[in-house]
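When reading the values below, keep in mind they use all heavy atoms of this one structure, side chains included, and skip hydrogens, waters and symmetry mates.
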Amino acid sequence: MLNIEELIAASVANIVKELSGNEVKPDSILIQKTRKEFEGDFTLVVFPFVRFLRQSPDQAADTIGKSLLQELDLVEKYQVVKGFLNLTLTKAFWQSFLLQSLDNEQFGYRNARSGIGAWPGEGIEAEEADDRPLVVEFSSPNTNKPLHLGHIRNNLLGYSVSLLQEAAGKKVVKVNLVNDRGIHICKSMLAWMMTGDGETPETSGKKGDKLVGEYYVRFEKMLREEADALAREKGLSDDEARNEAPLMKQARELLRKWEEHDPEVVSVWEKMNRWVYDGFDRTYARMGIDFDKIYYESDTYLLGRKIVLEGLKQGLLYRREDGSVWADLADHNMDAKLLLRADGTSVYMTQDIGTAQLRYDDYRPGKMIYVVGNEQNHHFSVLKKVLALLGKPYADAIHHLSYGMVELPAGRMKSREGTVVDADDLMDEMFATAGKMTEELGKTQDFSDEEKAALYQTIGLGALKYFILKVDPKKNMLFNPEESIDFNGNTGPFIQYTYARIRSVLRKAGEARFQAAKKGFAGAPVNEKEKQLLKALHDFPATVLEAAEEMSPARIANYAYELARAYNQFYHDHSVLNEPDEAVSNFRLCLSHLTAQTIHNAMALLGIHVPERM
RNA sequence: GGUUCCGUAGCUCAGUUGGAUAGAGCAACAGCCUUCUAAGCUGUGGGUCCUUGGUUCGAAUCCAAGCGGAAUCACCA
């Protein structure tokens with residue numbers, strides 16, 4: 001079915017062709033929303049075809065306007081302003097849009113395509129890439145430290161982008177790739193073995209990821225002391241001293257033993273990783289994030305190595321004298337990339353090759369989206385080149401969703417300077433602030449303790465998520481811990497509040513009255529504030545598709561804000577239930593209902609809940 | 001130095017495939033609660049859209065050069 005903009009555009013194309021005999025390109029017909037300061041609903045920019053019509057812009061606009069008025073019933077009138085043709089659609093059009101949308105709880109979402117759940121299997125290769133599932137990787141933490149603010153942006157983005165793609169009709173698989181192996185985790189293990197005295201999350205009461213993180217910090221501290229001493233004694237550079245320090249040698253020895261599957265080492269590794277996973281799980285749960293599949297690097301790096309060795313056998317890669325294996329990327333003006341060290345161990349790129357293959361085998365995705373910070377832009381362009389070199393069909397399917405860093409007023413977070421903003425702490429603070437604000441406003445006197453806790457969590461998380469998601473992903477963003485995140489203005493709680501207000505009206509009206517209202521508003525007059533609301537609501541489905549296309553939750557966040565603002569302006573000026581004219585009251589009730597539904601659906605795409613009362 | 005990204009109000013950010021007089025919020029000031037939730041609404045002040053050229057009927061948006069900032073150019077992940 002054509003939407004209204006397409007319908008008008010098609011009609012305009014016909015008109016111009018009849019008048020001038022010229023075929024106009026569809027994309028030269030620009031239908032946009034009429035700006036607030038002019039009368040009208042949609043605007044046609046006539047400049048692109050004044051040439052064909054051999055008329056002044058205003059004359060051309062008038063000519064087209066007249067024809068549209070005749071041809072399309074839903075065009076009520078038009079006005080010409082400086083080469084812009086402003087069309088006003090009939091009340092009937094808007095009211096039937098409202099009526100049709102009201103019963104659709106999934107308003108704005110495209111239905112998920114059926115039959116895609118049964119992958120992988122025969123025939124999947126023949127399907128269009130568009131019909132295949134999408135794999136979205138996000139979070140991807142290391143297991144030596146708790147999650148921090150940077151991870152929060154990553155998690156929220158990845159989760160929201162997944163929801164957006166689903167809303168656009170794609171089948172989505174959310175995956176996490178846990179970096180559970182390597183020197184960093186060996187450092188935590190070593191510090192724990194040397195100084196831990198058997199401490200566990202149970203004996204200490206500490207969250208597992210926090211506990212392991214503490215040992216990582218302890219290792220770094222001890223290493224620093226050793227390295228400083230060594231640098232003084234032997235006059236070594238800092239890098240040399242750190243490398244030469246006995247602790248560092250022990251950590252590397254631990255890694256070597258791990259790769260040899262030393263049972264004792266593997267057992268400590270498993271134990272401490274489990275602590276971390278338990279901690280992460282709690283943080284994810286609180287954040288409202290989940291995954292369909294978790295990959296572990298310890299499982300994928302060997303596959304990567306296998307693929308590299310096959311590539312070498314096929315002559316796609318080459319071996320240097322020292323035995324290391326490389327990809328030649330000179331054709332792409334890139335330096336050669338190391339894929340296996342001389343000792344046969346793998347690097348980051350190697351395991352990413354394995355991971356990509358595994359995902360392809362598991363899901364045959366049309367696209368593999370990696371939500372990873374922009375510091376890894378180069379890594380991903382190399383990964384794609386290497387996979388192409390290896391002849392992998394999924395090389396082009398890889399899409400790096402690159403996002404900007406979260407910066408503090410003093411710059412980047414630095415663990416050495418203790419400026420890392422911990423994810424759990426931040427959420428705790430948000431919940432506490434939400435509670436304080438709500439108590440001050442005296443809004444929850446009749447709430448039970450459980451209801452209060454749930455509400456404060458909803459508001460606190462809403463504020464945090466909205467704050468982060470409203471910013472264009474590719475831009476760096478600033479977070480100032482001194483100034484707590486706002487609850488007024490362009491914020492999550494503002495939108496949540498608007499929803500709660502509407503729900504309050506709807507509760508007062510009751511379901512029976514709403515059902516009756518749906519049948520009883522035809523022909524009611526539409527005032528300016530109501531028209532603004534209708535236009536905003538009408539925009540939602542297209543906005544969802546654009547946001548999905550651009551992978552930008554920010555588009556949805558800004559949309560939700562505009563919608564809430566439009567409702568509040570309407571609400572301020574007009575009464576729903578106290579309106580004496582029954583048809584008008586019915587109309588406003590329905591308008592309120594669809595607005596609530598749309599706010600709910602928009603916020604859901606950001607992973608934000610909306611409260612019935614606040 | 002090469003490559004990529006960013007530069008819009010005092011601050012944080014919007015601004016669709018180029019379209020009308022560049023918008024919000026915060027902060028400041030002034031108003032609005034006997035009426036469905038004032039976490040709201042209304043108003044005032046605040047701009048060299050980094051600069052200079054180019055393309056165009058039309059440029060914050062596209063192109064080129066320059067300036068400023070960030071990331072990256074690892075046998076780290």
Worksheet item: Under 4.0 angstrom, heavy atoms only, what part of the nucleic acid is A:E375 near: base, sugar-phosphate, or nothing?
Response: sugar-phosphate
Practice prompt. Measure from NZ or CZ of A:R181 to the centre of the six-membered ring of A:Y301 and say whether it is under 6.0 Å with the direction within 45° of the ring axis.
Written response: yes
Worksheet item: With rounding to whole Å, what would you report as the distance between B:G25 and B:C41 at their C1' atoms?
Response: 15 Å
Worksheet item: Does anything in residues 487-500 of chain A reach RNA chain B, meaning a heavy atom under 4.0 Å, and if so which residues?
Response: A:F487, A:N488, A:G489, A:N490, A:F494, A:Y497, A:A500
Practice prompt. Could you tell me whether the phosphate oxygens of B:U42, OP1 or OP2, come under 4.0 Å of any side-chain nitrogen or oxygen in A:Q569?
Written response: yes
Practice prompt. Scan A:Y561 against the nucleic acid and name what it touches under 4.0 Å (heavy atoms): base, sugar-phosphate only, or nothing.
Written response: sugar-phosphate
Practice prompt. Would you indicate which nucleotide in B:C36, B:U4, B:U21 comes nearest to any side-chain atom of A:N377?
Written response: B:U4
Discussion item. Counting the atoms with a prime plus P, OP1 and OP2 as sugar-phosphate, which does A:K36 contact under 4.0 Å by heavy atoms, base, sugar-phosphate, or nothing?
Written reply: nothing
Worksheet item: The side chain of A:K443 lies closest to which of these nucleotides: B:A20, B:A14, B:A39?
Response: B:A39
Practice prompt. Could you check which nucleotide pairs with B:A77 in any of the strands shown, counting Watson-Crick or G-U wobble with both distances under 3.5 Å?
Written response: none
Discussion item. Tell me which nucleotide, if any, is Watson-Crick or G-U wobble paired with B:A30 when both distances must be under 3.5 Å.
Written reply: B:U42
Worksheet item: If only side-chain N and O atoms of A:R501 are considered, is one of them under 4.0 Å from the OP1 or OP2 phosphate oxygen of B:A38?
Response: yes
Worksheet entry | For B:A24, the Watson-Crick or wobble counterpart (both distances under 3.5 Å) | B:U12
Worksheet item: Between B:C13, B:C6, B:U72, which nucleotide has the shortest distance from any of its atoms to the side chain of A:H378?
Response: B:U72
Discussion item. By the 4.0 Å heavy-atom rule, please label A:S402 as base, sugar-phosphate, or nothing.
Written reply: nothing
Item to complete: Describe, in one word, how the ring planes of A:F587 and A:F521 are oriented to each other, choosing from parallel (under 30°), tilted (30 to 60°) and perpendicular (over 60°).
Response: tilted
Worksheet item: With under 30° as parallel and over 60° as perpendicular, where do the rings of A:F479 and A:F467 fit, or are they tilted in between?
Response: perpendicular
Discussion item. What's the closest nucleotide to the side chain of A:H379 if the choices are B:A77, B:A20, B:A74?
Written reply: B:A77
Discussion item. Tell me which pairs pass side-chain hydrogen bond (donor to acceptor under 3.5 Å, both in side chains) where either residue lies in residues 540-550 of chain A, with sequence neighbours left out.
Written reply: A:E546-A:R555, A:E550-A:R555
Discussion item. Any N or O donor-acceptor pair under 3.5 Å from the base of B:C75 to the side chain of A:D322?
Written reply: yes
Discussion item. Classify A:M405 by what it touches in the nucleic acid, base, sugar-phosphate, or nothing, heavy-atom distance under 4.0 Å.
Written reply: nothing
Practice prompt. Tell me, please, whether A:W326 has A:R320 positioned over its six-membered ring: NZ or CZ under 6.0 Å from the ring centre and within 45 degrees of its axis?
Written response: yes
Worksheet item: Which part of the nucleic acid, if any, lies within contact of A:H574, taking any heavy atom under 4.0 Å across all strands shown: a base, the sugar-phosphate backbone alone, or nothing?
Response: base
Worksheet, complete the sentence: Which of B:U21, B:G19, B:C36 is nearest the side chain of A:S504? It is B:C36
Discussion item. Please report the distance separating the P of B:C6 from the corresponding atom of B:G23, rounded so that it comes out in whole Å.
Written reply: 23 Å
Worksheet entry | Pairing partner (Watson-Crick or G-U wobble, both distances under 3.5 angstrom) of B:U72 | B:G2
Discussion item. Of the options B:A77, B:U37, B:A22, whose atoms approach the side-chain atoms of A:V347 most closely?
Written reply: B:A77
Response to the item:
Assert: residue with more 5' nearest nucleotide on RNA chain B, out of A:E297 and A:I31, is A:I31
Discussion item. Does A:D486 contact B:A39 through a side-chain donor or acceptor facing the base, at a distance under 3.5 Å?
Written reply: no
Worksheet item: Taking O4'-C1'-N9-C4 for purines and O4'-C1'-N1-C2 for pyrimidines, is B:C33 syn (within 90° of 0) or anti?
Response: syn
Item to complete: May I ask you to verify if any side-chain N or O of A:K508 is less than 4.0 angstrom from the OP1 or OP2 atom of B:U37?
Response: yes
Discussion item. Say we look at B:C5 and B:A64: how far apart would their P atoms be, to the nearest angstrom?
Written reply: 11 Å
Worksheet item: In terms of the angle between their ring planes, are A:H538 and A:F42 parallel, tilted or perpendicular, with boundaries placed at 30° and 60°?
Response: perpendicular
Worksheet item: So what does A:I459 touch, heavy atoms closer than 4.0 Å: a base, only the sugar-phosphate, or nothing?
Response: base
Fill in: Note: A:K82-A:D58 ion pair, threshold 4.0 Å (strictly below)
no
Worksheet item: Taking only N and O in the side chain of A:R565, is any of them less than 4.0 Å away from OP1 or OP2 of B:C41?
Response: no
Fill in: C1' spacing across the pair B:A28 / B:C62, given as an integer number of angstrom
39 Å
Discussion item. Classify A:R412 by what it touches in the nucleic acid, base, sugar-phosphate, or nothing, heavy-atom distance under 4.0 Å.
Written reply: sugar-phosphate
Item to complete: Specify the residue among A:M614 and A:A342 whose closest nucleotide of RNA chain B lies further upstream toward the 5′ end.
Response: A:M614
Worksheet item: When you compare B:U42 with B:A9, how far apart are their P atoms, in angstrom units rounded to a whole number?
Response: 24 Å
Item to complete: Under a 3.5 Å limit for both distances, which nucleotide forms a Watson-Crick or G-U wobble pair with B:U17, could you say?
Response: none
Worksheet item: What is the nucleic acid contact for A:N86, judged by heavy atoms within less than 4.0 Å: base, sugar-phosphate only, or nothing?
Response: base
